[in-house]
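Taking it in order: structure first as structure tokens, then the write-up.
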Number of protein chains: 2
Amino acid sequence: MYHKVAEDIIQAILTNKYTDKLPTEKELVAQYHVSRNTIRKALDVVFAHGLLRRVRGSGYYVIKKPLQSQKILNLSIGFDENSMVSGGPLRSKVLKFDTITADKDLALRGNVAVNSRVYRVVRLRYLQGQLYSLEESYFPRNVVPFLTEESVQTSIFSFLRDAYQMTGSTSENYVHASKISEQQADLLKRQQGDQILCLDGINYLASGKVFNFSRTYFVYDNLALYYHTQNIDI
Amino acid sequence: MYHKVAEDIIQAILTNKYTDKLPTEKELVAQYHVSRNTIRKALDVVFAHGLLRRVRGSGYYVIKKPLQSQKILNLSIGFDENSMVSGGPLRSKVLKFDTITADKDLALRGNVAVNSRVYRVVRLRYLQGQLYSLEESYFPRNVVPFLTEESVQTSIFSFLRDAYQMTGSTSENYVHASKISEQQADLLKRQQGDQILCLDGINYLASGKVFNFSRTYFVYDNLALYYHTQNIDI
DNA sequence: ATTGATTTGTTCGTATGTATC
DNA sequence: GGATACATACGAACAAATCAA
């Protein structure tokens, strides 16, 4: 239930139903006919998505995203939702789609067993016609037995959800600035050795199994990755 | 109370008391003499810090950080704790310490009023003798009335906590790859126009007021920024 | 393969504390 | 000071996934 309430509130914020302040917890309790604990749990989720500031005694305030000329990719939400960048869906150009054996390095990156078989998908992605990213993603075949050609062209995560009810539970992610190889530079229309914003991610099922891991190079102009944290007072 | 429990568990993980699996909730309840709800709230905090995977019916598993040759900066914890990179304290070389008036651009970056007065601190920071970052940080003077020379040389956040009981509550952060100017290149010993990993952050008090914002350029070799997310199923 | 015990997930009710207005 | 609003804490019950006999 709190998932639904959270999703509802998130949508309300994204569609500018709430632009400044949320209703009080009491009002939300009345609105959704659930207990205050459930409302607070839902608000925890919305908060974790980086959409709220909460002020004791005062209320919940919507975080106004920067105003700057930048595209924002919100890291505080799950990775499979990340593909939904504001500004429309990503178009893909598939460069590779095959099955390989994970060597030591790849196995380490994906937290999978060495020599295990994994799907490999390499794609260039475009946002509004502009080159957005180069993405290598991997799917362990012992968890993901089959991927269709079509899903690879469009949305693999949607396919996994619809076909196998397979949805990500948690993700571990690493951002760094990485020097690119000659081949990558060629694809990304940059110079060899250029530093590019790079995101490594591992996606887990609720069972704790890895069903996907990936490395993405972002080249979209003025892209910023956003995240939100709560400090704990010790 | 749950803060204390959370902090205790975090310390236990960081000191390798728990390396694989945490005790069950039931055991933690007995250990800390608090209710299960309180334990779960504490575990939420530890989880949000990116230290745990939780599996229903099974237990809580410690996330083993990549073993890789990289330095990891954990973004999933509050920014003021971020300065505690594994590998010891950061040394600072202060380049500027003065008060300026926020122009439109700076005010936007820091979510403060245009023309408000802010402390400016520009520092080079070193980790284990190696250049780590170039950091420009700002403190609105209407919230932070006074900063000592000494605090600027060492830890401003510690000073604010000790002198004013001022601690961060939430942070909004933006990561991007930024081209650096000639002056910055000079300081960072890079080339002008090089792309550098850059982190913009705004820190809020519990009252919702901005008490600090900053821009940090990271140049430490093989540094990766880590974060952890939980996906919600809709 | 089924069952039963264990373990985490969700939801409710209630009470009290603390900051803001 | 009083009312409002968010924060913390306890107890209880049932659901759902895992695990072991």
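None of the values given here were measured: they were computed from a predicted structure.
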Nearest-angstrom distance from the residue atom CZ of Phe47(A) to P of dA7(D): 9 Å
Ser207(B) side-chain proximity, nearest of dT20(C), dT10(C), dG11(D): dT20(C)
Geometric cation-pi criterion, Arg53(B) with Tyr204(A): 6.0 Å, 45°: yes
Let me know the distance between NZ of Lys21(B) and P of dT18(D), rounded to the nearest Å. 13 Å
If I take atom CG in residue Asn37(B) and atom P in nucleotide dG13(C), what distance separates them, rounded to the nearest angstrom? 14 Å
Spacing of Lys41(B) atom NZ relative to dA7(D) atom C1', expressed in whole Å: 8 Å
In this structure, how many angstroms lie between the C1' atom of dC6(D) and the CZ atom of Arg53(A), rounded? 16 Å
Just the rounded figure in Å: distance from P of dT7(C) to CD of Glu27(B). 7 Å
Between Tyr60(A) and dA7(D), is there a side-chain N or O to OP1/OP2 distance below 4.0 Å? yes
Would you indicate which nucleotide in dT18(D), dT8(D), dT8(C) comes nearest to any side-chain atom of Val55(B)? dT18(D)
Closest-nucleotide ordering on DNA chain D, the 5'-leading residue of Val34(B) and Gly57(B): Val34(B)
Quick one: is the NZ or CZ of Arg141(B) closer than 6.0 Å to the six-membered ring centre of Tyr119(B), and within 45° of its axis? yes
May I have the distance from Lys26(A) (atom NZ) to dT4(D) (atom C1'), rounded to whole angstrom? 8 Å
What about the rings of Phe146(A) and Phe159(A), do their centers lie closer together than 6.0 Å? no
Looking at Phe157(A) versus Phe211(A), is the centre-to-centre ring distance below 6.0 Å? yes
Closest to the side chain of Arg56(A), out of dA7(D), dG9(C), dC10(D), is dA7(D)
Answer yes or no: does a side-chain N or O of Arg40(A) lie under 4.0 Å from OP1 or OP2 of dA7(D)? yes
Compare the minimum distances between each of dG9(C), dA9(D), dC10(D) and the side chain of Tyr2(B), then state the nucleotide with the smallest one. dA9(D)
If only side-chain N and O atoms of Ser58(A) are considered, is one of them under 4.0 Å from the OP1 or OP2 phosphate oxygen of dA19(C)? no
Among dC12(C), dG9(C), dT8(D), the one nearest any side-chain atom of Thr38(A) is dC12(C)
Distance, rounded to the nearest Å, where Leu28(B) contributes CG and dT8(C) contributes P: 8 Å
On DNA chain C, compare the nucleotides closest to Tyr61(A) and Ile39(A); which residue's is nearer the 5' end? Ile39(A)
Stepwise side chain to side chain donor-acceptor pair (under 3.5 Å) test for Arg120(B) and Tyr138(B): CA-CA 5 Å; Arg120(B) 171 174 63 177; Tyr138(B) 303 89; 5.4 Å; no
May I ask you to establish whether Arg54(A) and Tyr61(A) are in a cation-pi arrangement, using a distance under 6.0 Å from NZ or CZ to the six-membered ring centre and at most 45° from the ring axis? no
From the set dT8(D), dG9(C), dA7(D), return the single nucleotide nearest to any side-chain atom of Arg54(A). dA7(D)
Donor-acceptor pair under 3.5 Å: do we get one between Arg36(A)'s side chain and the base of dA7(D)? yes
For the side chain of Ser35(B), counting heavy atoms from C-beta on, which of dC12(C), dT11(C), dC10(D) is nearest? dC10(D)
